[in-house]
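Report on the following structure.
In what follows, residues are counted from 1 in the order of the sequence shown. The structure presented is a predicted model; accordingly, all values stated were derived computationally and were not measured.
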Amino acid sequence: MSQHLFYGLKAEGFDVVCLEARQVNAALSAMRNKTDRNHACSIAQILRTGWSSPVHMKSREAHGVRALLSTRKALLSKTIDLANEVRGLPVKTDSQ
């Protein structure tokens with residue numbers, strides 16, 4: 001989801017930075033009054049101070065290749081599972 005938001009906002013001309021979720025979560029967990037407004041202010045403060053490092057966003061092509069590879073892996077796994085299932089079925093011979 002972040003990939004689509006990142007490239008969509010970039011295409012509209014916005015300056016977009018993706019931050020490490022664990023670092024931001026650690027900074028926000030120290031807050032007493034947890035509201036959306038306070039979170040937005042805290043995230044803006046994190047960006048201003050440079051406390052959190054930006055995360056590299058992979059290209060859409062890289063995400064597409066990754067999706068194809070994971071789909072191939074899932075199909076291969078299912079194929080192997082089906083082959084093993086068929087191999088495990090009892091064989092009926094003519095004498096039975």
> With ILVMFWY side chains joined below 4.5 Å, transitively, what does Leu68's cluster contain besides itself?
Replying inline: none

>> Looking at every non-hydrogen atom in both residues, tell me the closest pair between Trp51 and Gln23 and how far apart they are.
In response: CZ3-O, 3.0 Å

> Which heavy atom in Arg60 sits nearest to a heavy atom in Gly8, and how many Å separate them?
Replying inline: NH2-N, 3.9 Å

>> If you define the side chain from C-beta out and look only at heavy atoms, does anything of Gln3 sit under 4.5 Å from Lys58?
In response: no

>> A side-chain contact here means heavy atoms from C-beta on lying under 4.5 Å apart; do Val55 and Leu19 qualify?
In response: no

>> For Lys73, is there any backbone N or O sitting under 3.5 Å from a side-chain donor or acceptor partner on Ser77?
In response: no

Cluster overlap [X] with [Y], hydrophobic side-chain contacts below 4.5 Å:
| X | Y | result |
| --- | --- | --- |
| Phe6 | Val17 | no |
| Leu28 | Leu47 | yes |
| Met57 | Phe14 | yes |

[X]: what forms a side-chain contact (heavy atoms from CB on, under 4.5 Å) with it, not counting sequence neighbours?
| X | value |
| --- | --- |
| Ser59 | Tyr7, Glu61, Ala62 |
| Arg66 | none |
| Ala21 | none |
| Leu5 | Met1 |

If the condition is side-chain hydrogen bond (donor to acceptor under 3.5 Å, both in side chains), which residues does [X] pass it with, not counting sequence neighbours?
| X | answer |
| --- | --- |
| Thr35 | Asn38 |
| Arg48 | Gln45 |
| Glu20 | none |
| Asp81 | none |

> What do the steps show when you test Cys18 against His56 for side-chain contact (heavy atoms from CB on, under 4.5 Å), and what is the final call?
Replying inline: CA-CA 8 Å; Cys18 243; His56 171 72; over 6 Å; no

>> With rounding to the nearest 0.5 angstrom, report the CG to CD1 distance, Leu75 to Ile80.
In response: 11.0 Å

> Once you round to the nearest 0.5 Å, how far does CZ of Arg72 lie from CG of Leu69?
Replying inline: 7.5 Å

> Would Arg22 and Asn25 satisfy side chain to side chain donor-acceptor pair (under 3.5 Å), going step by step from the backbone distance to the final call?
Replying inline: CA-CA 5 Å; Arg22 290 184 184 134; Asn25 184 37; over 6 Å; no

